[in-house]
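Okay, structure first, notes after.
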Amino acid sequence: TTSAEPNPLPRFPADFVWGASTAAYQIEGAAEEEGKGPSIWDTFVRRQGAVRDGHTGDTACDHYHRFGEDVALMRRLGLDAYRFSISWPRVLPTGEGKVEARGLDFYDRLVDALLEAGVEPTPTLFHWDLPQALEDEGGWMSRATAHRFGEYAAAVAGRLGDRVRRWITLNEPFVHMSFGYGFGVHAPGRALLLDALPVAHHQLLGHGLAVAAIRAAAPDAQVLIANNCSPVRLRSDADAATDRQAADAYDVLHNRLFNDPLLTGAYPDLGAYGQPDPGWGGIVRDGDLDVIAAPLDGLGINYYNPTWVTAPADPAGGLPFDLAEPEQAYPRTSFDWPVVPDGLTELLVGLKARYGTALPPVWITENGCSAPAGLEDRTRIDYLAGHLDAVARARAQGVDVRGYFTWSLLDNFEWAEGYHQRFGLVEVDFATQARTPRASFEWYRALIASQKS
Ligand code: GBH
């Protein structure tokens with residue numbers, strides 16, 4: 001097709017890793033097969049009004065039964081690596097105790113199929129599908145969940161650690177905290193607002209325990225976390241002082257709450273959130289930050305767009321910022337998210353400026369866009385080309401970016417939006433499960449091939 005002509009792109013190093021990402025609940029289906037226990041998403045999708053048009057992930061892309069076909073697509077694409085997630089309740093139906101061998105067998109077969117296809121398996125241990133039984137005991141509001149996560153990590157790494165060289169612990173702990181426990185628009189659907197803060201700490205503690213478990217099982221493996229980060233921007237009519245304060249406060253909640261403890265061993269000051277106690281009233285215990293700050297082999301960054309904020313209209317009320325709309329007319333994705341590639345350069349250069357030598361190598365673990373249905377997805381090609389150029393610019397400014405995983409390989413279950421948003425390089429017809437590569441697939445294939453020749 002004419003739209004498959006590669007845009008001119010800078011050359012990346014020969015060992016730069018080209019990948020694509022998915023997540024278990026969004027693609028696997030087989031929600032009740034082979035001993036899998038219910039996750040909080042299995043529960044949440046049945047709640048009236050929770051997901052657009054009542055869509056569920058019961059079948060999704062039926063990847064559980066069709067992974068062979070999907071791995072063949074990856075091989076055709078020439079992927080170096082594939083980022084997928086492991087469903088905790090498939091491996092441990094109630095989140096703890098006895099391993100369900102059939103669940104672990106599935107990932108064992110997937111890993112072997114990937115290696116056979118020359119694609120590096122890059123599993124994420126938690127992409128939001130907590131076992132419902134653990135949610136019934138408090139979920140991530142409960143400290144015990146962090147320990148259960150460490151045990152789950154040990155079980156998975158014990159089985160796959162002989163073949164998996166690169167692991168990701170958590171996906172986007174900020175989104176899971178804020179959407180899942182703060183606003184209730186994702187599972188588990190709790191609207192605790194700022195009382196959801198312990199969810200941040202318990203996920204990070206779970207991350208640290210998982211790092212130790214993976215290192216014990218697979219000493220040579222690399223361990224990463226995938227944080228979604230968003231550079232914070234002000235409108236051009238911003239007031240210097242109060243708007244700057246709002247931007248700093250937003251940066252603390254969205255970015256630094258997760259990056260600082262991992263990379264510096266200390267939380268940012270949460271005074272702007274009415275939390276003067278560095279121990280957050282007993283949540284952060286002695287020694288926890290040492291566990292959380294265990295050295296990482298890489299920092300995964302999921303980037304979609306910047307966030308615009310202003311000073312709060314009601315400073316006495318809830319949050320120390322208001323979200324704002326940019327006044328500039330950026331192109332918009334089908335999700336209505338602004339397309340701002342230079343935000344990715346700004347984010348990466350900003351991380352390097354803030355953390356310096358404490359910043360490990362960076363991996364773009366998600367980046368992509370929702371585009372109209374159909375095969376001629378020119379807007380997706382433009383989005384990807386623009387953001388890869390942004391990565392190259394950050395590399396040129398000294399940020400050590402090692403790889404790029406686009407979101408997503410396949411159209412899939414887009415959480416509260418159900419099947420209405422399509423993020424795939426491959427179109428999925430959910431009535432027939434037919435997979436058809438889009439123009440962007442061909443473009444990405446040609447790009448990867450050209451980078452290797
Ligand atoms: C990721 O989350 C998830 O990891 C993945 O599962 C998901 O399918 C994918 O992205 C696509 O959504 O209101 O215009 O400022 C992304 C988290 C949070 C990023 C909301 C964009 C708001 C855009 N997203 N955010 S805007």
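One-based numbering, in listed order, for ligands and for the atoms of each. Values below: all heavy atoms of this structure, side chains included; hydrogens, waters and symmetry mates excluded.
Sorted by first then second residue, the ring-ring contact (aromatic ring centres under 6.0 Å, His included) pairs that include residues 358-385, not counting sequence neighbours, are Tyr383-His387.
Protein residues with a heavy atom closer than 4.0 Å to ligand 1 are Gln26, His127, Trp128, Asn171, Glu172, Val175, Phe179, Tyr304, Asn305, Trp337, Pro338, Glu366, Trp407, Glu414, Trp415, Phe423, listed by chain and number.
Ring geometry for Tyr304 versus Phe423: interplanar angle over 60°, hence perpendicular rather than tilted (30 to 60°).
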**Prompt:** Going through the distances and angles, do Asn367 and Tyr404 end up as a side chain to side chain donor-acceptor pair (under 3.5 Å)?
**Reply:** CA-CA 8 Å; Asn367 176 246; Tyr404 175 91; 2.7 Å; yes
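Annotation for Arg109: atom CZ counts as buried by contact number, over 12 foreign heavy atoms lying within 6.0 Å. Under a cut-off of 6.0 angstrom, the local environment of CZ in Arg163 is crowded, with over 12 non-hydrogen atoms contributed by other residues, nucleotides or ligands.
Side-chain contact between Pro437 and Leu73 is present, with at least one heavy-atom pair separated by less than 4.5 Å.
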